[in-house]
*Asks:* 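Dropping the structure in here first, questions after.
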Amino acid sequence: MRISFSPNEILETVRMVEDQNLDIRTITMGISLRDCAHSDAKTVQAKIYDKITRLAQDLVKAGEEIEAAYGIPVINKRISVTPISLVGESCDVYDYVGIAEALDRAAEEVGVNFIGGFSALVQKGFTRGDAALVEAIPEALSRTKLVCSSVNVASTKAGINMDAVLKMGEVVVETARLTAEQDGIGAAKLVVFCNVPEDNPFMAGAFHGVGEPECVLNVGVSGPGVVNRVVRANPNQDLGELANLIKQTAFKITRMGELVGRAASKRLGVPFGIVDLSLAPTPAVGDSVADILEGMGLAKCGTHGTTAALALLNDAVKKGGSMASSQVGGLSGAFIPVSEDAGMVSAVEAGALSLDKLEAMTCVCSVGLDMIALPGDTPTETVAGIIADEMAIGMINKKTTAVRVIPAPGKQAGDRVEFGGLLGGAPVIKVHPFSSAAFVRRGGRIPSPLQALTN
Amino acid sequence: MSALEKGGSRVIITVLGKDKVGIIAWISTLLARYNANILDISQTILQEFFTMIMVVDLAGANIEFKDLREELAGQGKMQEMKVTMQHEDVFHYMHRIEGGR
């Protein structure tokens, strides 16, 4: 058996892992809880706990074995479940907080670091169960550690449910208030979506959609550090050539997701769902999407040209990644969270990156306004206005957008919040002082857009 | 080696560091102790570093993959060498379009 790789190829791979933070960000097991419905709330909780701990009992061990076998770090093992509004709706007396606590216990028992799916889809309106779940979110997120929540309030086909947008403005503020002693961390586990994907492995927005199989494994890759190195090693390439280099790099990164997904699927006897092609930053130095944009030639992320640079990056990642994987899904694009990205934090601190610019950037990349700390006294209607704008971008552009903002209790623009771990920390960003109240309080639905006349 | 997929028990070990006498003897002895079979070795100077790449078959090895990896990294450190070990499939997937085999 001769060595069939060149030394350069081998060293490239070794350096990606050793120096450039290449890792598998998450293996997420999707579990259907549709068969856990029951008229008695306690029975529902027991069925949920039993099913999750049975199906996911070997998930963490499998992740660790794969990490050891292939020498590729697998950072997170997670679980996503059927939107809980559906599962709890059959109860005679609703106890959604109790279900959240059952999810938390199950996640703790199997050793995963997050469980997503305390969710509802209300883009056209609320059922009784949806309304009860949304009402329970602040308490559920303040009484659990590992549970993540998401609510889809808009879609290209349905339009924007503005009653839900206003309600979520209130829920976000209340969730932050109930977790004030940790800078409002509860809101960091809550996402408001337009066009939510049903197979997303990333938190806090993961849930197991109703069209998904009984149990499935989805994989999220990472690797901003690897792309950053390639961009910075090629300062004289024109942008077409640079896009090509990023594509090749994205191919290699995504390949690792494909490898790990197949291995985990085989080991656990669970079908492999999708690889999510996202470039997911972490607070670690060198693992930043903002650094890549600056590496392309911008003095600071957020300045003029940032949206164009991000559009190039996002598209190249998708092109390279889609070739590398048999099934692609989830969010698939570059993430631009603030607190989880040291370069974004630095850009906000330097005054280069504003909320308005972040909103513009979400038009051309994955997800949306993510992990942004707002002043604690931001009115609920202003939070709702921020959500409405982001939903409109998703609806019109037929893409997923989301809002995960944290109105940090007691903090003002310029103060700093700390969430710790992968969630990082960030400066509180400035919001517009002018009220959106009369607009968002009109309620009703913004109609779905025409799919023709596309200018 | 239940941890490895597709029956493949081959790994690629890299040794990086300053060139000095006895590197190959040292790592060969270490691998022989665990009954790991060296199939091919290449060495070169890349970017001023001594770089050795080995294909090693662990089919008959008497040590777990994870433990060998830690042992190599730890022993390497004492020799002022950086030693990594990854499954061969990692390189197939990353550098060959038909990586899935």
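Each chain gets a letter, A, B and so on, in the order the sequences are listed, and its residues count up from 1. Remember, predicted model here, so these are calculated numbers, not experimental data.
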*Asks:* Enter the distance from A/Ile72:CD1 to B/Met94:CE here, rounded to the nearest 0.5 Å.
*Replies:*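 Those atoms lie 5.5 Å apart.
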
*Asks:* With a 4.5 angstrom heavy-atom cut-off, could you sort out which part of A/Val17 is near chain B: side chain, backbone, both or neither?
*Replies:*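 When you check distances to chain B, only side chain atoms of A/Val17 fall under 4.5 Å.
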
*Asks:* Is B/Thr84 close to chain A through its backbone or its side chain, or both, or neither, when contacts mean heavy atoms under 4.5 Å?
*Replies:*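 Answer is side chain: those atoms of B/Thr84 sit under 4.5 Å from chain A.
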
*Asks:* In Å and rounded to the nearest 0.5 Å, what is the OH to CE distance from A/Tyr70 to B/Met85?
*Replies:*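 Going from the OH atom of A/Tyr70 to the CE atom of B/Met85 covers 12.5 Å.
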
*Asks:* Taking all atoms of both residues into account, what is the closest heavy-atom pair of B/Tyr93 and A/Met256, and its distance?
*Replies:*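 Here B/Tyr93 and A/Met256 meet closest at CB-CE, 3.8 Å.
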
*Asks:* Could you walk me through whether B/Ile97 and A/Met323 pass side chain to side chain contact (heavy atoms under 4.5 Å, CB included), step by step?
*Replies:* CA-CA 9 Å; B/Ile97 285 181; A/Met323 171 82 182; 4.0 Å; yes

*Asks:* Find out whether A/Phe5 and B/Ile53 are in side-chain contact, i.e. whether some heavy atom of one side chain is under 4.5 Å from a heavy atom of the other.
*Replies:*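 Side-chain contact under 4.5 Å: no.
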
*Asks:* Salt bridge check: are B/Arg96 and A/Glu9 linked by an N-O gap of less than 4.0 Å?
*Replies:*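 Judged by the 4.0 Å cut-off on N to carboxylate O distance, B/Arg96 and A/Glu9 do form a salt bridge.
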
*Asks:* Would you say that more than 12 heavy atoms from the other residues, nucleotides or ligands in this model lie under 6.0 Å from the CD of A/Gln327, or not?
*Replies:*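 Not more than 12 within 6.0 Å, no.
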
*Asks:* Which bit of A/Glu12 is near chain B, if near means a heavy-atom gap under 4.5 Å: side chain, backbone, both or neither?
*Replies:*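 For A/Glu12, side-chain heavy atoms alone lie under 4.5 Å from chain B.
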
*Asks:* Is there a donor-acceptor contact under 3.5 Å from the side chain of B/His87 to the main chain of A/Ala69?
*Replies:*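 Not at all, since once roles are kept as given, no pair shorter than 3.5 Å links the two residues.
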
*Asks:* OG/A/Ser4 to NE2/B/His92 distance, rounded to the nearest 0.5 angstrom?
*Replies:*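 It comes to 4.5 Å.
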
*Asks:* With heavy-atom distances below 4.5 Å as the criterion, would you say the side chains of B/Leu16 and A/Leu11 are in contact?
*Replies:*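 When only atoms from C-beta onward are counted, A/Leu11 and B/Leu16 do touch, with a gap below 4.5 Å.
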
*Asks:* Any Lys/Arg nitrogen of A/Glu18 or B/Lys82 sitting under 4.0 Å from an Asp/Glu carboxylate oxygen of the other?
*Replies:*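 A salt bridge links A/Glu18 with B/Lys82.
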
*Asks:* For B/Lys77, I'd like to know if atom NZ has over 12 heavy atoms of other residues, nucleotides or ligands within 6.0 Å.
*Replies:*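 At most 12 heavy atoms, drawn from other residues, nucleotides or ligands, come within 6.0 Å of this atom.
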
